[in-house]
Protein chains: 2
Amino acid sequence: MSQMQIVENALREMILGLEVGPGERLTERWIENRFGASRTPVRAALLRLETEGLICRDGRGWTVSPINLAELEQIAVYREAVEVAAVRLTSALTDRSAIEIIEAMLDSCDAATPREEWHRVGMDFHIELARLSGNEFLFRAVRDAMTRLSRARWLEVRDEAALGRAWSEHHAVLAAVRAGDADAAAARLSAHIVGSRDRLVTSLHNDRRGLRARGFAVVAV
Amino acid sequence: MSQMQIVENALREMILGLEVGPGERLTERWIENRFGASRTPVRAALLRLETEGLICRDGRGWTVSPINLAELEQIAVYREAVEVAAVRLTSALTDRSAIEIIEAMLDSCDAATPREEWHRVGMDFHIELARLSGNEFLFRAVRDAMTRLSRARWLEVRDEAALGRAWSEHHAVLAAVRAGDADAAAARLSAHIVGSRDRLVTSLHNDRRGLRARGFAVVAV
DNA sequence: GATACCAACTTGGTATCCCAAAATGGTATC
DNA sequence: GATACCATTTTGGGATACCAAGTTGGTATC
């Protein structure tokens, strides 16, 4: 694997894993030393991560994108549009064998499963469902939206009750898709996304003080 | 303006203007000489254009993205999802003054207007309508989709009747938006996008031989 | 004439060097 | 003690040198 990809992936993991806090400054030289690569691949990786929205230019330098409440709400609207379109296509599929795989993925999480895994599976549910639509652009849009939401969703995952609600909503969507009922699937997914947004915004709002204390930049509306 | 942006913009114009044909190979050294920049900004520009889908990796090198029929159809589905979501938001706006600006933009095109301008205005209609929604992600999605469609739409623009149909459909959408009728606006926009896709696919199919003769790579389904 | 093989060239990937501008930190002045 | 000013350092943008892998073209062999 090329140096650029190594740096890109490692840096993405650091950002998504909150090892570098939202709002933190990044210098090309620091990354260079941190990963033992030269500036050429480092800069290529930064350009990539910028298009993913994980970092942003800060004047002449780079900053880990802050968690932006207004942006999170806009993303919810955006992902509702693309996910609903995708799930309608998926509901029309004749071959529904892949649905079982997704359901099994959901069921693989139990009380013993670490939070990190719940978090990943919760995102992959949406991504894989969109992938099934067969539309590459809807798929990418959902994947990118989930990536952008990823850091904020860490907070939601700490709420046991919210997780249970989300999981049962996931199952409800899958049931409608399996039945080929596009309208029901769309309605349930839509409700899930709106509910998910509300839970996220609420817990973010409650935790803002704590986040700032940890040095995380959280931008309000 | 930085060298990178100069190279990026100039190269984008060349690609969108079909000055370099779809499927054509690009070498970093050629671009370097063509624009008098060194490889650092050239590589940065290439990485950017790759994320826009205008160029793609071809093994170890770079290629101007071919015009891909299957991809165009997928983009139509994608943009229908995001544009309809955007126009619903736009229809809910109380301040509709910006609608007049868009309408004036459409009306600025007449028989004396060069085809290039018709093409640009036709794209900007959709982009600006999405921008009015106020949702940055829907806006970017529409803009990116139109960029990806841009080269193929050059072909449609040559058809006088198709242009007239498109323009009257644009006006119909605007009328519904101005009336605040989100459902009608959504339905009309949706029909326009589907019709636009059909016209595009048809004319592309008819012209494929001519395109190949000009050295353009056109990938079928 | 076909083919196997090799040398020269081309190309993208990487490292490194230089530069201008901006940030930093210390110091002199009030 | 606050502040204006200047030297130093740091930083990102750009240019260039080098390398390994892949391509090409020619040549020797059969």
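Order of the sequence lines sets the chain letters (A, B, ...), proteins ahead of strands, with each chain counted from 1.
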| Spacing of B:I6 atom CD1 relative to D:dG13 atom P, expressed in whole Å | 14 Å

| Mate of C:dC17 where both pairing distances stay under 3.5 Å, Watson-Crick or G-U | D:dG14

| Any donor-acceptor pair under 3.5 Å from A:H119 side chain to A:S150 backbone | yes

| request: Taking only Lys NZ, Arg NE, NH1 and NH2, and the carboxylate oxygens of Asp or Glu, determine whether A:R43 and A:E28 approach each other closer than 4.0 Å. | output: yes

| field | Salt bridge B:R12-B:E52, side-chain N to carboxylate O under 4.0 Å | value | yes

| field | Under-4.0 Å salt bridge between A:R48 and B:E50 | value | yes

| said: One character per nucleotide, please: for nucleotides 11-18 of chain C, 5' to 3', B when the base has a protein heavy atom closer than 4.0 Å, S when only the sugar-phosphate does, - otherwise. | reply: BBBBBBB-

| remark: When both distances are under 3.5 Å in a Watson-Crick or G-U wobble arrangement, the nucleotide paired with C:dC30 is D:dG1

| Smallest separation among heavy atoms of A:A152 and A:L72, with atom names | CB-CD1, 3.8 Å

| query | Rounded to whole angstrom units, what separation is found between the CZ atom of A:R25 and the P atom of D:dT10? | reply | 16 Å

| When you check the gap from the basic side-chain N to the acidic O, do A:R140 and A:E136 get nearer than 4.0 Å? | yes

| remark: Rounded to whole Å, the CG-C1' distance (B:D58 to C:dT10) equals 15 Å

